[in-house]
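Following: one structure in structure tokens, then a few remarks.
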Amino acid sequence: MEYDFRAIEQKWQQKWREDGTYNVEVDPSRPKFYVLDMFPYPSGAGLHVGHPLGYIASDIYSRYKRQSGFNVLHPMGYDAFGLPAEQYAIQTGQHPAITTEQNIARYRSQLDKIGFSFDWSREVRTCEPEYYQWTQWAFLQMFDHWYNNRTRRAEPIKELITYFEEHGTVGLDAAQTQNLEFSAHEWCAMSEADREQTLQNYRLAFRADTMVNWCPALGTVLANDEVKDGLSERGGHPVEQKRMKQWLLRVTAYAQRMLDGLDELEWSDSLKEIQRNWIGRSVGAQVFFEIAGTERKLEIFTTRPDTIYGVTFMVIAPEHEWVKELTTEDNREAVEQYIIDTKRRSERERIADTKRVSGVKTGSYAINPFTGQAIPIYISDYVLSGYGTGAIMAVPAHDSRDYAFARHFGIDIIPVVEGGNIEVESYDAKEGKLINSDIINGMDVKEAIDFMFKEVERRGIGKRLVNYRLRDAIFSRQRYWGEPFPIYYKGDVARRLADEALPLTLPAIENFGPTSEGEPPLARVKEWHTAEGYPYELSTMPGFAGSSAYYLRYMDPHNHEALVGKRENEYWRNVDLYVGGIEHATGHLMYSRFWNMFLYDLGYVCEKEPFKKLVNQGMIQGRSNFVFRIVGTNKFVSKGLKDGYETQRIHVDVNIVKNDILDIDAFRAWRPEFNDAEFVLEDGKYICDWAIEKMSKSMFNVVNPDHIVENYGADTLRMYEMFLGPLEQSKPWDTNGIDGVHKFLRRLWSKFYSRDGKLLINDEKATRAELKTLHKTIKKVGEDIENFSFNTSIAAFMICLNELGDCSKREVLEPLTSLIAPFAPHIAEELWHALGHTTTVCDAPFPKYNNDYLVENSFEYPVMINGKLRFKQEYALDLADSDIAAHIVTCEGAQKWLEGKMPKKIIVVKGKIINIVM
RNA sequence: GCGGAUAUGGUGUAAUUGGUAGCCACGUCAGACUUAGGAUCUGAUGCCGAGAGGCGUGGGGGUUCGAGUCCCUUUAUCCGCACCA
């Protein structure tokens, strides 16, 4: 009987669906395990073979954990709100709700064919009101809280109000947009609008007038992680800096906790490093420089307070709020012109030419608090308004940018650290002895930094300060397809909706594109206001809003009272294994951690971190094929013969090429222009050229998993995707080679059934060799799954079948069937039933290996290694300190080498002595 | 510029973590069975060499009885951050 994968897969997929085989419930009698995939954007293009890679890996792990006795939560859903869905809708002219619905249906049918063990009863869609109600709710919680740096947690804004009534800002240490100082009396005297304005300075979800990334083409602002090299990540449109009033999330409040939390996580080093860089912690000093002839003190941030005697000028960013005040009359024109020029340069230009030195004198002077000297203040765009205080003390001798600036403007360069060649370049290294520096002369740099931290504080001119590169997340988008803000306005005062009013549903509108007046699409909705007529916020939330807490919702997806019930949360706790792409390192994975920590502070969730272990699957690239058309003809020449002709290399659909051999008939049918194509063949075949490129429609290299499932079956697809190489590595898809895996499954099948359909399984006793093969495989596969080394476990299966030969003994094949079930669940289920079982293979215990079968025939020598007695097959042994020497020396193999002499060392490899040191 | 990762046959890769490099596949070659093969089965297949043998894990150096693995150095590719004070 043939291995009829189509019939088998259809049969079991249907059965699993009908029985709800993969649905799980809270069960305190069993240990839980939570395996999560990054849910997909249902884009219009459908899934290609790269998408399921991570899903297959996590599915194997889920099934393995389930067979190992865990209650496994393995859900799936759709990240359906956000820019990509809306852009697709705009392109196709259809309403995003409709295209999203269609795309989801397509994704679902593609996913279903692969045989995943998802609990679909827990499906979530971020665009549905029952779901985004809780996104809105979380936002309101952030609106209602502030971050207390003293207690290091979020606290209710009501308590802050009470504090203001009693103390004003005296003694307050809060995460804030700017440093405000007022007394209790002043607070009480404020108007309601002023108080609300003040509170926005502290709320964790707040509205502020800040510099934002504005993308004119998309008609919206973007968060920092959505901008790459000055272009929007989505669509690649230019992005400019613009001052706008926007909603933000105060993620910076959690910067230190997000940094500290990384140490506890089982994430890859590279991913942790990306997050560390993104947070960008740096320790330095805040120092105030008096401005000559005024009461003002210019605040700067520096990590090198030790170089303060080398400061010969100051620089402030062109956007600095004091630019006007610091500019003297005779410099005004030049400064204004410089600001205009700076604004005109796009973010992209600014990034592209960082070498250009430019700047203008303000005419004001600052007083160096240590030397008392007056030093000029410049404005220049090499100082960024967004980092630190937007002002620096410049030390040209020890900072390359300051050096370039000083050289350009002829400013003094005073070396204060020994080393380097100041005539040629600055000496930036953090080592050496201090010189020309009065009280710190002779100290080395590290010592001097510490000393100056204290000295600055002692003199009351500043303090030690930690700065972060991380920015607060811009949270509003001038788009239609997102969660509406549960916010309305009385005048300019933002008010929250009551919890009972949630969800605030997104109104269905006809025209969802940007308006011509530059207002968000929701401005078109006449009824977009409260019953009292107060207008709602017109922007919607960004894509990351809905994905920030979805892992919590899966725990309890139908709860109408809470985001997640206490009982459910305390059982499922957090995600044990998260599988997804590294591209979310600075986006979703940051926001989710922030969101979770915030809910943790409020007591809604019981774990500090959302994702304990995280595995990044590599990207699957495309492998394109090419044919060579002889220029000016409709004749195509095979790759090996092309040098004899003048040819043109054109992409050909990879689906009509197999093992680089072109299916000529399919090619003629592919496009009308090729109907009468002629060919120059080699050995009767047309061989195509190939190249690795991004998988995309325009390269004709997109491989649809449906196509593979149709031709080879889901089990083959699953195993082949894993066989392709290490999970974390990026690699091109290459359908060549899939036969090897398919052949393996057919051979597995042929152990159970003969050609004429007879069941071959027998109850004969297995030989020692067969059991050894079996247990070796069980050990290897079990260890490989734990290490996410799925490619090697598949190799182990192949070796196992090779070694077993034509053995069809139940004693061997039954454990093998349950062992392979996580990888190829359909065939395993079919064979499991063929073995006489009536329950699903998903619940068959994952087999355990018996070491007795593995060691019997091997040489084992006891060895001292690092002072411990161990049993190994190969080792380098220092005989001097081991009384096992006698044992070795009497060994048969050792005898002929020794000739009665006592060796220093005997080197034994795999039970064989390979070297003896006399 | 700073940080991270990778480099092994014609191809994808493996190597008990310092112990016989190339497992398992793809491809190629040869053979068997076949009307046929893009089916199945068997065998060969790192490179040089007729052979004995020699060489071989991007390059160079080192530690070690022994290095793909550890250390130094260098090159190439990929990724992240980047006028971050």
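Each chain gets a letter, A, B and so on, in the order the sequences are listed, and its residues count up from 1.
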Of the listed nucleotides [options], the one nearest the side chain of [X]:
| X | options | answer |
| --- | --- | --- |
| A/A795 | B/rA15, B/rC24, B/rC83 | B/rC24 |
| A/N791 | B/rA14, B/rG3, B/rA85 | B/rA14 |
| A/E273 | B/rC24, B/rA15, B/rG4 | B/rG4 |

Could you tell me how far apart [X] ([atom1]) and [N] ([atom2]) are, to the nearest whole angstrom?
| X | N | atom1 | atom2 | value |
| --- | --- | --- | --- | --- |
| A/E783 | B/rU17 | CD | C1' | 13 Å |
| A/I300 | B/rA85 | CD1 | P | 12 Å |
| A/E425 | B/rG1 | CD | C1' | 12 Å |
| A/M619 | B/rU6 | CE | P | 18 Å |
| A/F301 | B/rA85 | CZ | P | 7 Å |
| A/I274 | B/rG3 | CD1 | P | 15 Å |
| A/W278 | B/rC79 | CH2 | P | 17 Å |
| A/Y378 | B/rC83 | OH | P | 23 Å |

Which of parallel (below 30°), tilted (30 to 60°) and perpendicular (above 60°) describes [X] and [Y]?
| X | Y | value |
| --- | --- | --- |
| A/F679 | A/Y686 | perpendicular |
| A/Y378 | A/F409 | tilted |
| A/F313 | A/F405 | parallel |
| A/F790 | A/F823 | perpendicular |

Would you measure the distance from the [atom1] atom in [N] across to the matching atom in [M] and give it in whole Å?
| N | M | atom1 | answer |
| --- | --- | --- | --- |
| B/rG9 | B/rC55 | C1' | 14 Å |
| B/rC65 | B/rG54 | C1' | 22 Å |
| B/rU42 | B/rC33 | C1' | 11 Å |
| B/rU6 | B/rG12 | C1' | 16 Å |
| B/rU64 | B/rC72 | C1' | 16 Å |
| B/rA21 | B/rU57 | C1' | 7 Å |
| B/rG61 | B/rG10 | C1' | 32 Å |
| B/rA15 | B/rC83 | P | 41 Å |

Subject >> Conformer about C1'-N of B/rU17 - syn within 90° of 0, anti elsewhere >> reply: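 Judged by the O4'-C1' to base torsion, B/rU17 sits in syn, the angle falling within 90° of 0.
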
**OP:** Would you classify B/rG22 as syn or anti? Syn applies when the glycosidic angle is within 90° of 0.
**Re:**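 Anti conformation for B/rG22.
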
**OP:** Select from A/Y387 and A/D269 the residue whose nearest nucleotide in RNA chain B is closer to the 5' end of that strand.
**Re:**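 Between the two, 5'-proximity favours A/D269.
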
Original post:
With nearest nucleotides of RNA chain B determined for A/N736 and A/Q729 from heavy-atom distances, which residue corresponds to the more 5′ nucleotide?
Top reply: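 It is A/Q729, whose closest nucleotide lies nearer the 5' terminus.
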
What nucleic acid atoms does [X] come within less than 4.0 Å of, heavy atoms only: base, sugar-phosphate, or nothing?
| X | result |
| --- | --- |
| A/F723 | base |
| A/P732 | nothing |
| A/N467 | nothing |

Subject >> Reported NE2-to-CG distance for the pair A/H320 and A/L298, which is rounded to 0.5 angstrom >> reply: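 Here the rounded value is 5.5 Å.
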
Is there any protein nitrogen or oxygen under 3.5 Å from a nitrogen or oxygen in nucleotides 35-46 of chain B, and what are the pairs?
{"residue": "B/rU40", "atom": "OP1", "partner": "A/R746", "partner atom": "NH2", "Å": "2.3"}

**OP:** Over all heavy atoms of both residues, which pair between A/V251 and A/L470 is shortest? Give the atoms and the distance, please.
**Re:**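 Result for this residue pair: O-CD2, 4.0 Å.
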
Original post:
OP1 or OP2 of B/rA85 less than 4.0 angstrom from a side-chain nitrogen or oxygen of A/R469, does that happen here?
Top reply: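 Answer is no, no contact under 4.0 Å.
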
Subject >> Distance test, side-chain N/O of A/N277 to OP1/OP2 of B/rA82, below 4.0 Å >> reply: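 Result: no.
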
**OP:** Could you list the residues that satisfy side-chain hydrogen bond (donor to acceptor under 3.5 Å, both in side chains) with A/D653, not counting sequence neighbours?
**Re:**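 In terms of side-chain hydrogen bond (donor to acceptor under 3.5 Å, both in side chains), with neighbours along the sequence ignored, A/D653 is linked to A/N655.
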
Return the pairing partner of [N] with a 3.5 Å limit on both distances, Watson-Crick or G-U wobble; otherwise return none.
| N | answer |
| --- | --- |
| B/rG3 | B/rC79 |
| B/rG49 | none |
| B/rU63 | none |
| B/rA36 | none |
| B/rA30 | B/rU42 |

Original post:
Do the two ring centres, one from A/Y720 and one from A/W733, sit under 6.0 Å apart?
Top reply: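 Yes, the ring of A/Y720 comes within the 6.0 Å limit of the ring of A/W733, centre to centre.
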
Original post:
A/F5 and A/H742: aromatic ring centres closer than 6.0 Å?
Top reply: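 Ring centres of A/H742 and A/F5 closer than 6.0 Å.
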
Original post:
So, A/D472 side chain and A/T252 main chain: donor-acceptor pair closer than 3.5 Å or not?
Top reply: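 It does hold such a pair.
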
